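Bear in mind the structure is a predicted one, so any value in this text is a computation, not a measurement. Hydrogens, waters and symmetry mates play no part in the numbers below; they use all other heavy atoms, side chains included.
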Amino acid sequence: MFKKHIPAACAILLACTAAAAQDQVLNIYSARHYPTDEALYTNFTKATGIAINRVDADDAGILARLKAEGTASPADVILLVDAARLWKGEAEGLFQPVNSKLLNDAIPVQLRGKATGDGASPWFGFSTRARVIVYNKVKIQKDDVDTYEELGDPKNKGKLCIRSGSHPYNLSLFGAVLEHLGEQKAESWLKGMVDNMARAPKGGDTDQIKGVAAGECGIAVTNTYYLARIMRSDKPEDKAIMDRVGVVFPNQASWGTHVNIAGGAVAKNAKNPANAVKFLEYLASAPAQDHFANGNNEWPVAKGVKINNPALQAMTGGSFKSETIPINVIGMNQVKVQQMLDRVGFK
């Protein structure tokens, strides 16, 4: 009799083993293309035993893939690097709300998606990047570029370098400025920037910084982590750039500097939702937040976490006034902003 039960017992054991193995997997779709992030994934697996499978793509590609895959999607966690894309994923119902006391306690409310009635949020921001102005220290006075509004002021005609207006980083900045200034003034401001360009928009943020250092333009807009990379470099050519370029955190006397976020969500059709929540909670932990600050030069967002990144501290003395517009508002302004860009000829 005992032998007759062995096959059944084995079948049960194998099924349990397979289920346990499945429980120890996490599938991530990530728009974070930073080599330093490999340490994040490795440390999570070491701490939890959960293996990570990752697909890398840009924000728009990830959202399109989720929509196309529907309920068949293997994605558990979605990592995006732009506020507008996080809002879009939320608006299109691609994320599932997470109710985690740890995350709610750690992440400021303005850096989360719109909460449901029970306090769950569809996504959480885990790091921020300030969108700042860099200027040529020989040619430009800092006081002439200490607000975003001055980017469109005639006094800076022929001095501005900037990447495409349709890039998510700029769309989010412009969406925030629209909220501050109103539609009429915001469109006039965008037209002023077009008039002030030293050259047509091209390249990434690092190219804008190099353009300022080379004298091709007097002022430019960049995310801080690009600038911090140059500041922390030992290369002579990067040191030469920093000898020529200064940085200003705009609007410190008014609404504060615009910050964009990198954040994460649990996919609507996640097959491993418990593991996904564990990963998001891990991203809010002190070690992961320290990694964002020191590994990729981003500002951590979890309450109580301090940074010791020399470049970030050198930029600001360690802190700065940032705007507090809810991210969903910036996201909702995107369509209006794109229409304005078309009208004023901002490519």
Side-chain angles (χ1 to χ4, degrees), residues 30-44 46-47 79-83 86 102-112 123-134 142 146 169 172-173 176 205-206 209 221-235 238-239 241-242 245-252 255-264 279-325 327:
S30 176
R32 292 184 61 89
H33 306 145
Y34 315 121
T36 55
D37 277 7
E38 295 300 328
L40 274 178
Y41 306 125
T42 299
N43 291 341
F44 175 75
K46 285 181 179 177
L79 299 179
L80 301 177
V81 293
D82 175 66
L86 285 161
L102 188 156
L103 290 171
N104 289 342
D105 288 346
I107 308 300
V109 66
Q110 71 269 20
L111 301 181
R112 301 182 227 151
W123 56 263
F124 298 83
F126 294 106
S127 61
T128 64
R129 307 92 173 274
R131 197 115 183 97
V132 297
I133 298 171
V134 292
K142 183 176 181 179
D146 59 2
Y169 296 160
S172 290
L173 168 62
D205 282 7
T206 302
I209 300 168
V221 181
T222 180
N223 276 359
T224 42
Y225 73 99
Y226 293 102
L227 185 64
R229 289 177 187 171
I230 298 174
M231 293 174 70
R232 297 180 74 178
S233 171
D234 292 328
K235 296 179 180 178
D238 289 334
K239 292 184 178 297
I241 289 173
M242 293 315 305
V245 171
V247 58
V248 58
F249 283 67
N251 296 80
Q252 291 300 287
W255 63 67
T257 297
H258 171 69
V259 292
N260 206 335
I261 64 172
F279 185 75
L280 296 188
E281 291 178 339
Y282 163 73
L283 294 184
S285 69
Q289 290 285 295
D290 184 73
H291 171 83
F292 289 134
N294 296 302
N296 200 49
N297 302 304
E298 301 169 90
W299 267 278
V301 302
K303 298 170 186 176
V305 174
K306 298 186 181 298
I307 63 169
N308 57 11
N309 181 309
L312 297 182
Q313 290 177 324
M315 284 184 205
T316 65
S319 64
F320 62 95
K321 180 181 178 181
S322 61
E323 67 182 3
T324 58
I325 298 177
I327 296 301

Main-chain N/O of Leu283 paired with His291 side-chain donor or acceptor, under 3.5 Å: no
Gap between atom OG1 of Thr224 and atom CE of Met315 - 0.5 Å precision: 5.5 Å
Where Pro250 and Arg131 come nearest, the two heavy atoms and their spacing: CD-O, 4.1 Å
Leu40 backbone acceptor or donor facing Tyr282 side chain under 3.5 Å: yes
Taking every non-hydrogen atom, the tightest pair across Val132 and Val248: CB-O, 3.5 Å
Whether Trp299 and Phe320 hold their rings parallel, tilted or perpendicular, with breakpoints at 30° and 60°: perpendicular
Point-to-point distance, once rounded to the nearest 0.5 Å, from CD1 of Ile209 to CZ of Arg229: 9.5 Å
Glu298 side chain to Ser127 backbone, donor-acceptor under 3.5 Å: no
Verdict with reasoning, Phe292 to Val305, per side-chain contact (heavy atoms from CB on, under 4.5 Å): CA-CA 11 Å; Phe292 289 134; Val305 174; over 6 Å; no
Polar side-chain atom of Ser285 near backbone of Glu281 as donor-acceptor pair, under 3.5 Å: no
Verdict with supporting geometry, Asp290 and Asn308, side-chain contact (heavy atoms from CB on, under 4.5 Å): CA-CA 8 Å; Asp290 184 73; Asn308 57 11; 4.1 Å; yes
Euclidean distance, Ile230 CD1 relative to Ile241 CD1, rounded to 0.5 Å: 4.5 Å
Donor-acceptor contact below 3.5 Å, side chain Asn260 vs main chain Ala83: yes
Donor-acceptor side-chain pairing of Asn296 and Asp37 below 3.5 angstrom: no
Ala311 backbone acceptor or donor facing Arg232 side chain under 3.5 Å: no
Distance-minimising heavy-atom pair for Ser172 and Asp82: OG-OD1, 2.9 Å
Spatial distance of atom CD1 (Ile133) from atom CG (Asp146) [nearest 0.5 Å]: 8.0 Å
Distance in Å, Leu280 CG paired with Leu102 CG, rounded so as to fall on 0.5 Å steps: 10.5 Å
Residue pair His33 / Val81, side-chain heavy-atom distance below 4.5 Å: no
Test item: Gln252 side-chain N/O and Lys321 main-chain N/O as donor-acceptor pair under 3.5 Å: yes
N/O donor-acceptor pair under 3.5 Å between Gln313 side chain and Ile307 backbone: yes
Least distance between heavy atoms, Asp238 atom then Ser233 atom: OD2-OG, 2.7 Å
For Ile107 against Ala284, the heavy-atom pair lying closest together: CD1-CB, 4.3 Å
Shortest non-hydrogen separation from Ser322 to Val259 and the atoms involved: CB-CG1, 3.9 Å
Audit row: Arg112, Leu103, side-chain contact (heavy atoms from CB on, under 4.5 Å) steps and yes/no: CA-CA 10 Å; Arg112 301 182 227 151; Leu103 290 171; over 6 Å; no
Option among Phe44, Phe126, Phe124 that satisfies the ring pair (Phe, Tyr, Trp, His ring centres under 6.0 Å) test with Phe279: Phe44
Derivation and outcome, side-chain contact (heavy atoms from CB on, under 4.5 Å), residues Tyr225 and Asp205: CA-CA 10 Å; Tyr225 73 99; Asp205 282 7; over 6 Å; no
